[in-house]
Amino acid sequence: MRKSVVLAILFAVIVAAAFGGCSGDPGTDPTDETTGQSANAAEEGDDAEKQAEAGTDGNGDAGTEDGAAGQTGSPGATVTSEVEVLPAAFHQAPELDGKNLPPVNERLPKVPKLANQIPAKHLKDGKLEIGRYGGTMRTVSPSPEWNPDIFLMLNEPLLNTPGSNGEIITPNIVKDLQMSEDRKQFTFTLREGLKWSDGVPVTTEDVKFAVEDVLLNKEITPGFPDWLKAGGKRDGTPMKFEVLDDYTFRIRFDQAYGRFPIQLALTGWRGYTDLLKPKHFLHQYHVKYTPLEKLEPEIKKAGFKKGEWANLFNLKDVTNWELTSKNAIGFPVLYPWMLVKSTPTVQEYVRNPYYWKIDAGGNQLPYIDKITSTYVQDVEMMSAKVIAGEVDLMRESAALNKMPLYKEYEEKSGYVAPMLDMHVDPTSIYLNLTYKNDNWRKVVRDVRFRQALNMAIDRQEIIDAVYFGFAELPQLVPAEYDPDEANRLLDEMGLNKRDKDGFRIGPDGKTFEIPFETGAHAPDMIPVLQLVTDMWKKVGVKTTMKTIDSALWGTRNDANQLQATIMWNVQPMWRSGGWTDFTPNFEGPLWNLWFANNGKKGEEPPKEVKRLFELNGEIMSVYPGTPEDRKLMAEIYQIHRDHIFQMPIAEHVKQPIILNAKIGNVPIGGTAVAANIAGVHFYYKE
């Protein structure tokens with residue numbers, strides 16, 4: 001056996017069992033027949049079953065399974081491989097009948113992806129059912145062209161991870177991944193016969209185009225992405241790329257990069273669009289393939305200056321975070337649903353006839369025909385639509401503080417509101433330490449000020465009042481409530497003078513004020529912020545708050561114009577190894593800019609922030625869960641505890657998800673985002 005290790009716990013127990021009966025139509029259970037099973041499938045299943053008994057879920061779940069790591073000889077995260085066991089026949093949605101499409105078996109890859117299964121323990125009905133086709137799912141969003149619930153249902157990475165926890169990596173768009181023992185070389189195999197939504201085959205030509213013509217083109221991509229450099233480090237050597245054949249390609253680094261599979265599967269929700277692009281569509285906007293003079297009319301039409309072909313290309317190239325924008329209409333994709341209509345008030349998505357996943361009965365997914373997204377500016381109006389029975393799915397804007405309201409109307413309005421686990425800490429307080437005001441900086445950059453405000457937050461009161469006790473104190477920062485010590489620290493740092501209303505006076509002789517601005521991100525943020533502002537006023541710090549449009553909030557943050565805000569953070573996923581981004585998006589936008597541009601823009605950060613960026617690079621080379629990983633993670637947490645760059649309110653918080661009561665395969669356990677990811681399994685029972 002050659003030295004190169006295939007990180008492969010055979011993806012077989014549930015696969016073999018599921019594909020054992022694969023001639024059933026939607027709405028029927030698979031039979032016990034083993035039509036199409038390969039000669040060695042039974043042996044493979046036995047091996048996988050032993051792995052499962054040892055603590056590894058051989059199949060996992062794109063949605064909710066808390067997959068456990070445990071591969072012999074490879075510490076930390078594991079990568080599974082698929083067993084090529086095919087059903088006897090494939091089936092398509094009736095909606096696709098009569099549309100002059102090729103037969104469904106010709107639209108699917110040679111080896112379709114069996115959609116990762118939702119574990120029975122996480123399902124309301126105790127088992128994953130073969131669904132029935134049809135129906136339109138209604139969603140709501142606080143932004144006209146951004147819907148996080150749809151984003152997660154559509155987003156398809158090259159690899160995926162059960163339960164969104166980074167512990168087990170499963171094939172997704174790629175059928176197989178091999179990683180060398182030194183964690184420097186990664187060999188990927190695409191699914192033969194995989195097709196874009198317009199029916200054009202996906203091959204390594206699409207990967208080569210994405211790498212050589214886009215990533216390595218400095219006009220399109222001025223700065224090569226750090227995550228595609230050795231070890232994921234800013235100063236690392238860019239990856240080396242090699243095409244082996246029409247379906248196999250290799251990426252090599254000159255340093256170990258143990259977290260590279262997680263980068264592809266989870267970190268940043270980046271999907272496939274960095275490394276895989278529809279060349280047949282995009283080449284017409286690239287000067288390598290289309291002369292500039294032929295592009296000039298399109299450049300002018302798009303509103304760009306003469307010769308700005310790269311801007312035109314980037315406009316036409318719909319990347320992962322743009323998949324719900326109107327530019328996605330007509331763009332070839334690999335998602336289960338495609339955007340076909342976008343107005344200022346509503347979006348409509350229809351099924352992708354070339355989608356490459358199937359269920360255990362050989363039925364092409366998804367089951368639901370269409371999705372609509374209605375723009376609702378106010379989160380309170382979203383709740384009003386829920387209790388009126390006008391919403392079939394809502395996770396991002398659902399919150400625990402609304403549970404009494406949800407439960408009151410649950411039966412009457414025909415929905416269910418199970419409580420799942422949040423993958424993030426839902427509310428964290430951020431002071432912008434790079435806001436351009438000398439008086440502000442003199443105060444907020446004194447660590448004693450941040451320590452004092454952190455101590456002045458009675459988190460248990462917030463947990464009880466907003467989260468009904470379904471949360472725990474955070475671990476990222478000290479969480480003890482000590483207003484006396486907070487007052488002492490504020491006095492010690494020189495904020496010991498007060499105005500006539502009892503608020504502390506800043507270095508400029510005026511009342512010091514913290515003006516919070518927040519978008520309509522989630523219903524719990526406003527009540528949490530209201531409680532925090534009241535608590536800070538009790539220690540003499542004047543605090544105000546204002547809710548603004550979410551799009552405006554993002555624009556102001558990017559422009560370094562927010563002084564203070566509230567947002568979630570992903571620290572629970574730091575600990576699991578599934579997320580490795582410690583960038584100060586809200587507490588230091590100018591520091592972020594400095595790192596992103598190699599010191600040419602922005603503002604040089606202090607040494608402790610530089611160390612966080614260094615750690616972000618160092619941790620990329622190791623496996624999650626190893627002693628080295630734990631050591632690096634401990635230092636990251638210690639820096640946050642010492643410097644209080646943000647103030648999370650709670651962790652291990654429960655999150656409700658709103659689902660139409662007629663929808664089948666509804667998860668009642670696992671993470672809430674994982675339920676979104678498992679949306680291809682949703683179906684209307686009637």
Side-chain angles (χ1 to χ4, degrees), residues 427-459 461-462 465-466 477-521 525-549 552-553 555-567 584-591 603 605-606 643-649:
T427 45
S428 195
I429 303 297
Y430 298 89
L431 304 180
N432 183 356
L433 305 182
T434 64
Y435 182 73
K436 289 190 174 182
N437 178 282
D438 291 339
N439 184 68
W440 171 265
R441 289 188 176 203
K442 189 172 183 179
V443 174
V444 301
R445 287 194 173 188
D446 189 323
V447 70
R448 292 172 295 181
F449 184 73
R450 304 195 299 275
Q451 289 171 335
L453 293 186
N454 186 60
M455 291 178 183
I457 300 173
D458 187 344
R459 289 175 167 85
E461 179 182 333
I462 296 175
V466 178
V477 297
E480 297 79 12
Y481 176 53
D482 193 343
D484 292 337
E485 178 63 10
N487 276 308
R488 188 193 71 77
L489 285 171
L490 292 170
D491 289 342
E492 179 186 279
M493 66 175 286
L495 297 179
N496 53 341
K497 295 180 180 179
R498 309 254 185 154
D499 65 13
K500 62 182 179 63
D501 296 316
F503 293 121
R504 297 179 184 271
I505 296 175
D508 61 354
K510 300 177 181 179
T511 302
F512 186 82
E513 179 180 333
I514 299 177
F516 276 100
E517 291 180 275
T518 180
H521 307 299
M525 289 187 178
I526 302 302
V528 165
L529 195 52
Q530 288 172 334
L531 289 171
V532 169
T533 57
D534 288 343
M535 292 169 185
W536 285 0
K537 289 175 183 176
K538 289 178 181 178
V539 294
V541 178
K542 185 177 181 180
T543 313
T544 61
M545 58 176 288
K546 180 170 67 173
T547 303
I548 60 178
D549 178 76
L552 176 61
W553 176 88
T555 300
R556 287 181 56 75
N557 182 70
D558 292 342
N560 196 44
Q561 294 174 346
L562 298 181
Q563 288 180 252
T565 195
I566 183 172
M567 196 57 175
N585 296 310
F586 310 114
E587 62 269 44
L590 292 185
W591 295 337
E603 181 179 313
H643 296 279
I644 318 293
F645 290 123
Q646 58 175 281
M647 304 172 207
I649 301 302

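Bear in mind that the values here come from a model prediction, so they are computed numbers and not experimental data. When a residue number appears, it is its place in the shown sequence, counting from 1.
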Problem - Worked check of side-chain contact (heavy atoms from CB on, under 4.5 Å) between Leu590 and Lys436 - result: CA-CA 10 Å; Leu590 292 185; Lys436 289 190 174 182; 3.7 Å; yes

Handout entry: Shortest non-hydrogen contact between Ile526 and Thr547, atoms and distance
Key = CD1-OG1, 3.4 Å

Handout entry: Residue among Ile649, Ile457, Val466, Asp458 satisfying side-chain contact (heavy atoms from CB on, under 4.5 Å) with Leu531
Key = Val466

Problem - Steps toward side-chain contact (heavy atoms from CB on, under 4.5 Å) verdict (Thr543, Met535) - result: CA-CA 9 Å; Thr543 313; Met535 292 169 185; over 6 Å; no

Fill in the blank from the handout: In terms of heavy-atom contacts, Asn439 and Gly506 come closest through OD1-C, 4.1 Å

Fill in the blank from the handout: Note: Ala452 and Ala486 closest approach over all heavy atoms is O-CB, 3.2 Å

Problem - Charged N-O contact under 4.0 Å between Asp446 and Arg448 - result: yes

Practice task
State, with a plain yes or no, whether a side-chain heavy atom of Pro606 is found less than 4.5 Å away from one of Trp591.
Solution key: yes

Completion exercise
d(Met545 CE, Leu529 CG) to nearest 0.5 Å is 4.5 Å

Practice task
With the side chain counted from C-beta on, respond yes when Asn487 and Arg504 share a heavy-atom pair under 4.5 Å apart, and no when they do not.
Solution key: yes

Exercise for the section: Taking atom CG of Asp501 as the centre, report whether more than 12 heavy atoms of other residues, nucleotides or ligands fall under 6.0 Å from it. Expected result: yes

Handout entry: Side chain proximity check, Phe503 to Lys537, heavy atoms < 4.5 angstrom
Key = yes

Practice task
Given side-chain contact (heavy atoms from CB on, under 4.5 Å), test Val532 with Ile566 step by step and report yes or no.
Solution key: CA-CA 10 Å; Val532 169; Ile566 183 172; over 6 Å; no

Problem - Student check: side-chain heavy atoms of Met455 and Val539 closer than 4.5 Å - result: no

Handout entry: Gap separating the CG atom of Asp438 from the OH atom of Tyr435, nearest 0.5 angstrom
Key = 11.5 Å

Practice task
Hey, could you give me the NZ/CD1 distance between Lys542 and Ile514, rounded to the nearest 0.5 Å?
Solution key: 12.0 Å

Problem - Side-chain heavy atoms of Arg441 within contact of Thr434, under 4.5 Å - result: yes

Completion exercise
Tested for side-chain contact (heavy atoms from CB on, under 4.5 Å) against Glu517, the lone hit among Gln563, Arg556, Gln561 is Arg556

Problem - Candidate list Glu480, Gln646, Arg459, test side-chain hydrogen bond (donor to acceptor under 3.5 Å, both in side chains), partner Asn454, passing option - result: Arg459

Problem - Contact summary for Thr544 and Pro515, nearest pair of heavy atoms - result: OG1-CA, 3.4 Å

Exercise for the section: Verify, without hydrogens or angle tests, whether Thr518 (side chain) and Phe516 (backbone) share a donor-acceptor contact under 3.5 angstrom. Expected result: no

Practice task
Identify the heavy atoms of Leu490 and Met493 that sit nearest to each other, and give their distance.
Solution key: O-CG, 3.3 Å

Exercise for the section: Give a yes or no answer on whether the side chain of Arg450 reaches the backbone of His643 with a donor-acceptor pair at less than 3.5 Å. Expected result: yes

Practice task
Taking the side chain as every heavy atom from C-beta outward, state whether Trp553 and His521 have any pair of such atoms under 4.5 Å apart.
Solution key: yes

Practice task
May I ask you to test the Ile429-Leu453 pair for a side-chain heavy-atom distance under 4.5 Å?
Solution key: no

Problem - Beyond-backbone contact of Met567 with Asn557, side-chain heavy atoms, under 4.5 angstrom - result: no

Exercise for the section: Would you name the heavy atoms of Met647 and Ile644 that are closest together and state the gap between them? Expected result: CG-CG2, 3.8 Å

Handout entry: Parallel, tilted or perpendicular: ring planes of Phe449 versus Phe512, cut at 30 and 60 degrees
Key = perpendicular

